[in-house]
Number of protein chains: 2
Amino acid sequence: MGVEQSEQWAEITPDAARRLVIAAVAAFAERGYHATTTRDIAGRAGMSPAALYIHYRTKEELLYRISGVGHRLALEILRRESGRDGTPAERLAAAVRAFVRWHAEHHTTARVVQYELQALGEEHYAEIVGLRRETDATVRGIIEDGVAAGDFAVPDVPGTTLAVISLCIDVARWFNSEGKRTPDEVGELYADLALRMVGYAAGR
Amino acid sequence: MGVEQSEQWAEITPDAARRLVIAAVAAFAERGYHATTTRDIAGRAGMSPAALYIHYRTKEELLYRISGVGHRLALEILRRESGRDGTPAERLAAAVRAFVRWHAEHHTTARVVQYELQALGEEHYAEIVGLRRETDATVRGIIEDGVAAGDFAVPDVPGTTLAVISLCIDVARWFNSEGKRTPDEVGELYADLALRMVGYAAGR
DNA sequence: CCGGGGGGTGAGCGGTCGCTTAGGGTACGG
DNA sequence: CCGTACCCTAAGCGACCGCTCACCCCCCGG
């Protein structure tokens, strides 16, 4: 898992900066942004407290970088799956499956990305909110397609979109890698639940 | 809303202790436990920083009291609704409707209750986790009843239970009292979504 | 062999944190 | 009228925070 976890941070260079990001994700996910000290982050990365400031101007900038990379990764997954050929039901299932699998597999990153947003500065926060709106629009697009095709029965499209995304995001909060469910299993279960939520009747 | 909000804290006496709890809930919900200072809480309650320690031994004890009252209130609502007479579908809809309405109406309290748990000390945390397990058991009981009666079609009961509760809880994160949805509307929407998730076919 | 620059460290600064302490104001029983 | 029990405050203690600074080491071109 260590190698796999570091691959998602491949775009962060040099090596020391990437080690700091990985250490920060672990610390933020475990205790939260405000309860984490810069000394703790540097210590986990095997450096002195001062080394952090060679690569990042502030602790908040570290969170911003993590949040940006994480949101872009999640959005990319969602767009790739929702853009495939297929019926709206197939596209919704694929999107939810992949989105949930990412939130489970990278639940430490996802926890930081989804639940520590409020600690961002005003400008950085506004930028991230823009990415979140795109996530919302992507899911809503699939559901609208399904309604237009007569495959889905959804009385409240924006509300149901919100609920589906909310359900997926919350996986990051409760998922435990030592639990008995694998990311694949949770993704499969949630894809089915999402289809049920939009009133898709399988096999009919 | 002020009066209504303070009513849920009626069991906290004397008055000064209750004002501190209300101030702490507002501050914790807005910035999180670790980003809130005891000076901020006391200031919101119209007292000096030292006054907090007349009524609570530590800042963590304040969180513990809030968490305890909130969890007990939410569990009480869930049990009352799930214990009514009626079909499993009616009971599930009523439970979800009321549980979600509480999370929306008291979304500041609910946010603290649901998302600041990790800041509790070890013993207090363990106690609260016990209450959460009872919440889980209550919802699972309804779903099992529905499956036994042949009204619900649920391949994975524990997983679906977890998803339904997760969906309800996450309302506290995104709900905004200045948004366009009322707590009643969200409760209604979510009751319908929960029935869909358990494979209940209305009117058939 | 030397000079310079980028990544690193030890020590520590100013500020703020959770919490404590000494004492003041007020209502009330005797 | 006094004692006293209860809330409360002003001031501040020790610890720890985010962040900085002076300096060091090591690699590399000339």
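Letters go in sequence order (proteins before strands), and every chain restarts at 1.
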(message) At under 4.0 Å between heavy atoms, how does the protein contact nucleotides 6-19 of chain C? Give one character per nucleotide, 5' to 3', with B, S or -.
(response) --BBB-B----BBB
(message) To the closest 0.5 Å, what do you measure between OH (B:Tyr33) and NZ (B:Lys59)?
(response) 5.0 Å
(message) If I take atom CD from residue A:Glu61 and atom CG from residue A:Leu63, how far apart are they, to the nearest 0.5 angstrom?
(response) 11.0 Å
(request) Run the salt-bridge test on A:Glu30 and A:Arg44 with the 4.0 Å N-O cut-off and return the result as yes or no. (result) yes
(request) Determine, step by step, whether B:Arg31 and B:Asp40 satisfy the salt bridge (charged side-chain N to carboxylate O under 4.0 Å, His left out) criterion, reporting the C-alpha distance in whole Å, the side-chain angles of both residues, the deciding distance to 0.1 Å, and the verdict. (result) CA-CA 11 Å; B:Arg31 312 181 206 191; B:Asp40 184 26; 3.5 Å; yes
(request) For the residue pair B:His124 and B:Tyr64, categorise the inter-ring angle as parallel (less than 30°), tilted (30 to 60°) or perpendicular (more than 60°). (result) parallel
